[in-house]
Visitor: 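Sharing a structure here in structure tokens format.
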There are 2 protein chains.
Amino acid sequence: MRKDALHNRELLLRAARSLFADRGLDVPLEEIARTAGVSIGTLYNRFPTRAELVEAVFEDRVATVAELAERSLAMDDAWKGLVAFITGVCELQAADLGYNDLAVRGAAADTAAGYALMRRIIERAQESGALRDDVTLEDMAFVIWGVAATVRATFRVAPGVWRRHLALTLDGLRATAAHPLPTPPMTPSQARAAMNDCP
Amino acid sequence: MRKDALHNRELLLRAARSLFADRGLDVPLEEIARTAGVSIGTLYNRFPTRAELVEAVFEDRVATVAELAERSLAMDDAWKGLVAFITGVCELQAADLGYNDLAVRGAAADTAAGYALMRRIIERAQESGALRDDVTLEDMAFVIWGVAATVRATFRVAPGVWRRHLALTLDGLRATAAHPLPTPPMTPSQARAAMNDCP
DNA sequence: TCTCAACTTGAGGAGGGCCTCAACTTATGC
DNA sequence: GCATAAGTTGAGGCCCTCCTCAAGTTGAGA
């Protein structure tokens, strides 16, 4: 790849990162190109589809989440580990409307590795007796979707209240809060389908 | 108003009702007109703005919600009343993607009357000791936003799982589940603003 | 039956986003 | 320096949605 091409790629990523962050994933591509100071044709040269641009922008996030997961598993208190992990993910969502969108659309826990780590976090918290026994990994989508919605609604007007929403949600996940649930959980494939047909 | 005009109005409302219900509030107006078997010009004659059409379609809902609220207040058990009310609202959301959108955008509890009723439902549940003391009316937006997001994501793929999300959320609202909350609640005006800048 | 205000119609302008491609420019290896 | 492959550019075609308005149609009162 030629030097100027690489440079333009950087400019585009920088512009996309910033526009995604405060307007979400649906910013017009032309605006990204304009912000980067580059023509729309160049954008299409570097990133033939929007998905490729999005992936490039958020590439680092999967490592961040994996790291978050590992740090959580390293904590002594399994419940605190779970809380730290979920809080960490939500903080990423709250810091970036684009990532917030992405989390809703499901690319969040896309890798098999991330999936396995999350499963361990949950099982460990259940074994410790702190997390209620009747929830599954798929139920965590509810907390992601829920907090994402609150983040989106309050992003400009009350940034940070999502922590209150999350706290209430977590209180509902404690074993001591458990009351019988009315419906079976989503199957993994339902959860996957639900994430992929949002856009 | 002439008879044919009234008739067309009915056709338009019927079409809009059905399209809103399963595609949300953003259906193209031209499609609504086409479905109604009427020209786009006629749609604009009857409903100069999209908002007027939406309002006409969902006019009945405010009475429905008020009735729901009154029935809940009439229940002996204040907690059961709260649960019945919230469940009722969520059922409306789950039955109609359009109303789901509307609820998120905040027209749900728009009337001062509805607002007052909801306040009473909550205060009564708190006085009974079942609802945690540290939540406010504004916090209820979290449950609406959260369930709305789950409804939207699972509408086609797992209709009904939202009840599981709701059950978990309600478990977090019980007094017995309460742990200190990290952030003050939204002020009423923040809540209003959050609802009005979503679209 | 006649009249006319009320109503309907749909072509078309405006605006916005997506994407392509032929003509131009430039980095790079020799 | 030169040749050339790699890269850039932006006008323009496409499609979609919104909204308007001049011309045609029709219900209803006299």
Side-chain angles (χ1 to χ4, degrees), chain A residues 1-58 97-98 100-102 104-105 107 152 196-199, chain B residues 1-58 97-98 101-102 105 107 152 196-199:
Chain A
M1 190 142 102
R2 247 166 63 172
K3 182 172 55 152
D4 54 344
L6 206 88
H7 180 232
N8 284 337
R9 203 187 118 97
E10 277 329 304
L11 292 178
L12 283 165
L13 284 176
R14 210 193 313 281
R17 229 187 301 278
S18 129
L19 287 170
F20 285 159
D22 68 52
R23 308 249 305 276
L25 247 28
D26 293 326
V27 189
L29 294 176
E30 321 245 8
E31 190 172 353
I32 295 176
R34 201 180 330 126
T35 305
V38 133
S39 90
I40 180 66
T42 297
L43 188 155
Y44 277 97
N45 276 350
R46 297 295 124 239
F47 306 99
T49 70
R50 182 180 219 102
E52 288 175 71
L53 175 57
V54 169
E55 207 206 309
V57 165
F58 295 105
L97 273 193
N100 198 49
D101 286 356
L102 203 56
V104 171
R105 280 135 151 117
R152 217 177 219 300
N196 292 336
D197 78 350
C198 309
Chain B
M1 189 140 104
R2 249 166 60 172
K3 182 173 54 157
D4 54 343
L6 207 88
H7 180 233
N8 284 336
R9 203 185 118 96
E10 277 329 304
L11 292 178
L12 284 165
L13 285 177
R14 210 193 313 281
R17 229 186 301 276
S18 128
L19 287 170
F20 284 160
D22 66 52
R23 309 251 303 276
L25 245 30
D26 294 325
V27 188
L29 294 176
E30 321 244 9
E31 190 173 351
I32 295 176
R34 201 180 331 125
T35 305
V38 133
S39 90
I40 180 67
T42 297
L43 188 156
Y44 276 97
N45 276 347
R46 297 297 120 238
F47 305 101
T49 70
R50 183 182 218 100
E52 288 174 73
L53 175 57
V54 169
E55 206 205 310
V57 164
F58 294 105
L97 272 193
D101 286 356
L102 203 57
R105 279 133 152 119
R152 221 181 214 299
N196 293 336
D197 77 350
C198 310

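Everything numeric here is computed off the predicted structure, so don't read it as measured data. In what follows, every chain begins at residue 1, and chains take the letters A, B, ... in the order their sequences are listed.
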Visitor: So which pairs with a foot in residues 6-25 of chain B pass side chain to side chain donor-acceptor pair (under 3.5 Å), sequence neighbours left out?
Guide: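 Qualifying pairs: B:R23-B:E31.
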Visitor: Of all residues at least two apart in sequence or in a different chain, which pass the side chain to side chain donor-acceptor pair (under 3.5 Å) check with B:D4?
Guide: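 Per chain and number, B:D4 pairs via side chain to side chain donor-acceptor pair (under 3.5 Å) with B:R2.
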Visitor: Nearest-Å distance, CD (A:E30) to P (C:dG15)?
Guide: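 That distance rounds to 16 Å.
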Visitor: Hey, what do you get for CG (A:L29) to CZ (A:F47), rounding to the nearest 0.5 Å?
Guide: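 So the CG of A:L29 and the CZ of A:F47 are separated by 11.0 Å.
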Visitor: Please list all pairs meeting side chain to side chain donor-acceptor pair (under 3.5 Å) that have one or both residues in residues 33-43 of chain B, counting only residues at least two apart or in different chains.
Guide: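 Qualifying pairs, neighbours excluded: none.
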Visitor: Just to verify, what does B:E30 make a side chain to side chain donor-acceptor pair (under 3.5 Å) with, not counting sequence neighbours?
Guide: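 Listed in chain order: nothing, the list is empty.
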Visitor: Please list, chain by chain and in numerical order, all residues satisfying salt bridge (charged side-chain N to carboxylate O under 4.0 Å, His left out) with B:R50, sequence neighbours excluded.
Guide: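 If we apply the salt bridge (charged side-chain N to carboxylate O under 4.0 Å, His left out) test to B:R50, skipping adjacent residues, there are no hits.
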Visitor: For C:dT8, take OP1 and OP2 only and decide whether either is under 4.0 Å from a side-chain N or O of B:N8.
Guide: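 Yes.
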Visitor: Which nucleotide of DNA chain D is the first, and which the last, in the 5' to 3' direction, to come under 4.0 Å of a heavy atom belonging to chain B?
Guide: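 So the contact region on DNA chain D extends D:dT17 to D:dA28.
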Visitor: Atom CZ of B:F20 and atom CG of B:L13: how far apart are they, to the nearest 0.5 Å?
Guide: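 The CZ atom of B:F20 sits 9.5 Å away from the CG atom of B:L13.
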Visitor: Measuring from atom CD1 of B:I32 to atom CG of B:L12, what distance do you get when rounded to the nearest 0.5 angstrom?
Guide: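 CG of B:L12 is found 8.0 Å from CD1 of B:I32.
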Visitor: Roughly how far, to the nearest 0.5 Å, is CZ of A:R105 from CG of A:N196?
Guide: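 Atom-to-atom, A:N196:CG and A:R105:CZ are 11.0 Å apart.
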Visitor: I'd like a table of atom pairs between the protein and nucleotides 26-30 of chain C - only N or O on both sides, under 3.5 Å - with the distance next to each one.
Guide:
| residue | atom | partner | partner atom | Å |
| --- | --- | --- | --- | --- |
| C:dT26 | O2 | A:R2 | NH1 | 3.1 |
| C:dA27 | O4' | A:R2 | NE | 3.4 |
| C:dT28 | OP1 | A:K3 | N | 3.1 |

Visitor: State, to 0.1 Å, how close A:P48 and A:N45 come at their nearest heavy-atom pair, and which atoms those are.
Guide: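 Scanning both residues, the minimum pair turns out to be CD-O, 4.4 Å.
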Visitor: Apply side chain to side chain contact (heavy atoms under 4.5 Å, CB included) to the pair A:F58 and A:L25, showing each step before the final yes or no.
Guide: CA-CA 11 Å; A:F58 295 105; A:L25 247 28; 3.8 Å; yes
Visitor: Looking at side-chain heavy atoms only, is the closest gap between B:L53 and B:V57 below 4.5 Å?
Guide: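 Of all side-chain heavy-atom pairs linking B:V57 with B:L53, at least one is under 4.5 Å.
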Visitor: Using heavy atoms and a sub-4.0 Å distance, could you list which residues of residues 10-23 of chain B are near DNA chain C? By number, please.
Guide: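 Nucleic-acid contacts, sorted: none.
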Visitor: Near DNA chain D, counting only heavy atoms under 4.0 Å, which residues of residues 32-49 of chain A show up?
Guide: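 Heavy-atom contacts with DNA chain D come from A:V38, A:S39, A:I40, A:G41, A:T42, A:N45, A:R46.
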